[in-house]
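Contents: one structure, followed by commentary.
Each chain gets a letter, A, B and so on, in the order its sequence line appears, and its residues count up from 1.
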Amino acid sequence: MAGERYNAPEREDHWQKQWELRGLFRSVEDPSRPKYYVLEMFPYPSGRIHMGHVRNYAMGDVVARFMRAKGYNVLHPMGWDAFGMPAENAAIERGTHPAKWTYANIDAMRAQLKSMGLSLDWEREIATCDPSYYRHEQKLFLDFLKAGLVTRRKSKVNWDPVDQTVLANEQVIDGKGWRSGAPVEQRELTQWFLKISDHADELLERLGNLERWPEKVRTMQRNWIGRSEGLQFRLDLVDAKGKPAGELEVFSTRQDTIFGMTFCAVSVDHPLALKRAKTDKALAAYAQDARRHGTSEEALERLEKTGHDLGLRVAHPFIEGKTVPLYAANFVLIEYGTGAIFGCPGPDQRDFDFCKKMELEIFPVVAPASMKPEDYASYTESYPARAEVFDGEGILINSDFLDGLAIAEAKSEVASRFEARGKGKRQIKYRLRDWGVSRQRYWGCPIPVIHCEACGVVPVPEADLPVTLPEDVTFDKPGNPLERHPNWKNVDCPACGKPARRETDTFDTFVDSSWYFARFCSPQAAVPTVRSAVDYWLPVDQYIGGIEHAILHLLYSRFFTRAMETTGHVGLAEPFAGLFTQGMVIHETYRGAKGEWLSPAEVRIEDKDGKRLAFQASTGTEVRIGPVEKMSKSRRNTVDPSDIIGHYGADTIRWFMLSDSPPERDVQWTDAGVDGAWRFTQRLWRLFNRAAPWIASSSAPVMDPGEAAMGLRRAAHKHLKNATDAIAALRFNVAVAQIYEFTSAIEAVVGKDELAADAGARAAGREACEILARMVAPMMPHLAEECWQLLGHSSLVAAESWPEADSALISEDKVTMAVQVNGKRRDELTVARDAAKEDIEAAALKLENVVRAIEGRKIKKIIVVPQRIVNVVA
RNA sequence: GCGGACGUGGUGGAACUGGUAGACACACAGGACUUAAAAUCCUGAGGGAGGCAACUCCCGUGAGGGUUCGACUCCCUCCGUCCGCACCA
């Protein structure tokens, strides 16, 4: 036995088979037991799992196994987010059919995940590209359509003229298509939209209830939804001759600054601008230029804020006879508010800059609250020369009837006056826009509608679902294969029976992932969701994934759940009660002589005089060690999880992922770190091998345990409590540290020859080992089984309950308190746990170090915090 | 620009509601075992000063100030790093 090594790969295979044989991780609804739904964001089947997956799923598995041991009925499923562009790209590049490519990847990745020993219910596995999944997505869409949650309209989209498809914003890089490199055009296309913006207020409001979500994610969603309260109002226009020329409707959150209005501006796409552009060629050219810059954010940053005079003037609503110019301006967005603004250079930096350029009047309308009224005049005079505007809290000035009011009061006053005149209304605007879900792509869920010349848009009858993708498609030409398929799109109209055309757009893949968590509750059902199942399992109690989904996926899923509630598919509004966003896996980067990226496998690291040097393994030439960055194919700084699992085993890679770094922060992959984790697996295995015969004859705790026994029992229960709390709070690195300490404590007792005759120590050793095996089980499940077996059990530790910490053993009867003099630690004092304050004070004052520190000074005060600290103030 | 997070030894990090800063791990050094190596085990260590030594003293959680008997923790100012959003009226 001694000298042997734990053969992780072989034993892990064995234990995985045992779990599967007994169906330990299959979950069945059981209303008599409390449920716990733990879910990690399901992967895109790109081909192989990466370290990010390993970290994500290791964490989720700890939670799943821990909660199972705590007695919960745990649901822990896995599936595949299987539609998407990479499959089509593979088809274009390699001629493989997207389905073939995708399913092969799923098979490969399933095997990899299984080798990690995850406690998943594989019977619930789903793939979003499977008709058995997406038929229900189509049904949901039809229900949403009926419920008025869907709309179809023309909108501007990013269009790649080479690939002939719409691109998501994320796929536009510096104004160019990410694949083709062609400049992206803005095109008007008729698209399907889910009306998420109708629910902006709900989605915002309910963020407040998501207490177990990271503040950061809630803030990001709050900003994304972008609520602003303001006033929408109409201003009178006059033409060059001073005659009335209609009205201009604007939106502002700062209507209090109305007396500072020195111009108005509209978007180049505003009706007023479009109308004039028909006759004003210079304006038409200006507008064209402004639109061109609309795509790239970088260009926006540098873009000068300019305007083109529209030849109209705007009458000031409160100053008789005053008018200001009206411009078409490149910085006004048609999508937001009314596409028109009133410009006030006072508290608005952008308007201030614009006025300077256009040489318009500039004066402040808000003065800092601390300023004395006699200084207002000089403040006003010097204002145009300022480098930056004042936009803080303050008092209205230069504003007629608003003078002296605070900003909030002035806002309310102005709003009331407009409302009284019938010229305006208080309004709340959101930045959030409707979610365009149409994609001109093959590998996605077909949108189940039919276009008929006579009947218009006709939903596919539910009996005809699913609308499946045709298999005989070609990818040799750019564009949507569904569009050019010879007959797929030709159907008879379900309403009138005349020839009609199928919708050839497919859904954005974010639609697929917006309800998969609900489908997991009844993955084989003939309807999208079974109410008894979702009512039992949902919400997801703990969702774990990357921060990159903070907005899109998580916001869409929240909206989708609300929509499914409206249509009766679920009975709750929020899908994820708890969210955890884990950090990335990062690694050093290496570059060769020509600046080419080198993978860690191609590099040999050496220590020379305390300096780390890297050499190319094949040539021996020196390699530059670059910054530590997120593992990525482009930088080639990836490590393949399967290589590590094949060499060290799954437990080692899991343990490493959970050690050291707090789970929300990035973890740096290092060989030394993996070696350390591997050494610990060996150490535990050796310990249990040594312990087994040593504790074999022990039974129940003995009547009169000695010092060694009591010490070990106290350590066991203390570490058990600490680790339990840490795991429950997802602080795996802290739990790992507790397990290390606990292991050392056991090693100090178990197997020691001098304690072999101590029955109490042997009994405590058994108790400690049994606790340790179960504590380790969520993190290193295979090794834990091995250890459990070594202790003589025939049961599986994966099915064992979590040990209970005995609080009586944790609170020791003697405590060590620090003794401070004037706040500086001078000595320590061990007293009975319940010692009286007076006795503690007296004992503290007798300590040599304390006496010396006091130096005969008079004692002013003594603070005693029971069980913690004594502070003598002298 | 707006918003958020963070800043602790050589490194990753720990420190409960303000109460012994640096747990645990990595790396390092010394030692044991060994013919040797690997593996394993033991020991040491924030920086500085004094002492043969047990030990004692000073400094120390980005910088400066404040509150407190007592601050990594709370407050203010500043510096730095990272992230998100960004012409949103």
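- A distance of about 16 Å separates the C1' atoms of B:G9 and B:A29, rounded to the whole Å.
- Mapping A:Pro662 and A:Asp675 onto RNA chain B via the closest heavy atom, the residue that lands nearer the 5' end is A:Pro662.
- Remark: side-chain polar atoms of A:Arg654 are paired, donor with acceptor, to backbone N or O of A:Pro778 under 3.5 angstrom.
- Proximity note for A:Met220 (side chain, C-beta onward) versus B:G84, B:C69, B:C24: the nearest is B:G84.
- When both distances must be under 3.5 Å, the Watson-Crick or G-U wobble mate of B:A38 does not exist.
- A:Leu720 contributes atom CG, which lies 7.0 Å from atom CD1 of A:Ile810 (distance to the nearest 0.5 angstrom).
- For A:Asp660, taking side-chain heavy atoms from C-beta onward, the closest of the listed nucleotides B:A25, B:G4, B:A89 is B:A25.
- No contact: A:Thr670 has no heavy atom under 4.0 Å from any strand.
- Taking 90° from 0 as the syn/anti boundary, the base of B:G9 is oriented syn.
- Heavy atoms of A:Arg826 sit under 4.0 angstrom from primed sugar atoms or phosphate atoms, though from no base atom.
- Judged by distance alone with a 3.5 Å cut-off, a donor-acceptor contact links the side chain of A:Asn871 to the base of B:C69.
- If you check the side chains of A:Gln232 and A:Lys429, you find a donor sitting under 3.5 Å from an acceptor.
- Counting to the nearest Å, the C1' atom of B:A89 and the CD1 atom of A:Ile258 are 12 Å from each other.
- Distances from the side chain of A:Arg665 to the nucleotides B:U56, B:G19, B:G13 place B:G13 closest.
- Across every strand in view, B:U17 sits unpaired, with no contact that passes the Watson-Crick or G-U test at under 3.5 angstrom.
- Put simply, A:Arg222 has no side-chain N or O that comes within less than 4.0 Å of OP1 or OP2 on B:G3.
- When each of B:G3, B:A27, B:C24 is scored by its nearest atom to the side-chain atoms of A:Ala672, the top-ranked nucleotide is B:A27.
- Checking B:C57, B:A86, B:G13 against the side-chain heavy atoms of A:Arg431 singles out B:A86 as nearest.
- Nucleotides of RNA chain B nearest to A:Val736 and A:Asp351 differ in position, and the one nearer the 5' end is that of A:Val736.
- Looking at A:Ser197 and A:Asp434, their side chains do bring a donor and an acceptor atom within 3.5 Å of each other.
- With a cut-off of 3.5 Å on both Watson-Crick or G-U wobble distances, the partner of B:U73 is given as none.
- Distance check on atom P: B:A54 versus B:A37 gives 31 Å, rounded to whole Å.
- B:A71 and B:G60 are spaced 11 Å apart, taking the P atom of each and rounding to whole Å.
- Spacing of P atoms, B:A23 relative to B:A15, comes out at 13 Å, to the nearest Å.
- Residue contacts for A:Gln820: at a heavy-atom cut-off of 4.0 Å it reaches a base atom on one of the strands shown.
- Rounded to whole Å, the separation between the C1' atoms of B:U11 and B:C28 comes to 11 Å.
- Summarising the geometry, the separation between OH on A:Tyr648 and P on B:A39 is reported as 11 Å, rounded to the nearest angstrom.
- For A:Asn733, whose side chain is taken as the heavy atoms from C-beta onward, the closest listed nucleotide among B:G13, B:A27, B:C58 is B:G13.
- Atom-to-atom, CD of A:Glu335 to P of B:A89 comes out at 14 Å; the value is rounded to the nearest Å.
- The phosphate of B:C88 has OP1 or OP2 within less than 4.0 Å of a side-chain N or O from A:Arg350.
- A gap of 33 Å separates the P atoms of B:G22 and B:C79, to the nearest Å.
- Applying the 4.0 Å criterion to OP1 and OP2 of B:C69, one finds that A:Lys861 has a side-chain N or O inside that range.
- Closest to the side chain of A:Val734, out of B:A15, B:G3, B:U20, is B:A15.
- Atom-to-atom, CG of A:Leu684 to P of B:U40 comes out at 13 Å; the value is rounded to the nearest Å.
- Put simply, CD on A:Gln867 is 13 Å from C1' on B:C16, counting in whole angstrom units.
- Between A:Phe656 and A:Trp669, the distance from one ring center to the other falls under 6.0 angstrom.
- Using a 4.0 Å cut-off, no side-chain N or O of A:Tyr740 falls inside it from OP1 or OP2 of B:A25.
- Heavy atoms of A:Asn849 sit under 4.0 angstrom from primed sugar atoms or phosphate atoms, though from no base atom.
- The partner of B:C24 is B:G12, judged by Watson-Crick or G-U wobble contacts that both fall below 3.5 Å.
- Donor-acceptor pairing under 3.5 Å is lacking for the side chains of A:Thr816 and A:Arg868.
- Note: CG (A:Asn722) to C1' (B:A15) measures 12 Å, nearest angstrom.
- Here the separation of B:C74 from B:C6, taken at their P atoms, is 9 Å to the nearest Å.
- Spacing of C1' atoms, B:C72 relative to B:U8, comes out at 7 Å, to the nearest Å.
- Residue contacts shown for A:Lys429 are absent, as no nucleic acid heavy atom lies under 4.0 Å away.
- Pairing for B:G3 is with B:C83, a Watson-Crick or G-U wobble pair whose two hydrogen-bonding atom distances lie under 3.5 Å.
- Contact annotation for A:Val873: backbone-only contact, meaning every heavy-atom pair under 4.0 Å involves sugar-phosphate atoms and none involves a base.
- Distance from the side chain of A:Phe251 is smallest to B:A89 among B:A89, B:C59, B:G70.
- Among the protein residues, A:Arg731 comes within range of the sugar-phosphate backbone only, with heavy atoms under 4.0 Å from sugar or phosphate atoms but none that close to a base.
- By the 4.0 Å N-to-carboxylate-O rule, A:Lys357 lies too far from A:Asp353 to be salt-bridged with it.
- If you check B:A29 for Watson-Crick or wobble pairing at under 3.5 angstrom, you find it paired to B:U43.
- Distance CD (A:Glu588) to C1' (B:U11): 12 Å, rounded to an integer number of Å.
- Side-chain proximity of A:Leu333 to B:A89, B:C85, B:C24: nearest is B:A89.
- Among the protein residues, A:Val332 comes within range of the nucleic acid bases, having at least one heavy atom under 4.0 Å from a base atom.
- B:C78: Watson-Crick or G-U partner is B:G62, with both key distances under 3.5 Å.
- Listed candidates were B:U20, B:C41, B:A89. Nearest to the side chain of A:Ser228 is B:A89.
- As rounded to whole Å, 14 Å separates atom C1' of B:C87 from atom NZ of A:Lys357.
- Using a 4.0 Å heavy-atom cutoff across all strands shown, A:Arg679 reaches sugar-phosphate atoms only and no base atom.
- Side-chain N/O atoms of A:Arg868 and base N/O atoms of B:C16 include a donor-acceptor pair closer than 3.5 Å.
- The aromatic ring centroids of A:Trp224 and A:Tyr556 lie 6.0 Å or more from each other.
- For A:Phe263 and A:Phe342, the ring centers are positioned 6.0 Å apart or more.
- Within the 4.0 Å cut-off from OP1 or OP2 of B:C59, at least one side-chain nitrogen or oxygen of A:Lys824 is found.
- With 3.5 Å as the limit, one finds a donor-acceptor pair spanning the side chains of A:Arg833 and A:Gln867.
- Residue contacts for A:Ser661: at a heavy-atom cut-off of 4.0 Å it reaches the sugar-phosphate backbone alone, with no base atom in range.
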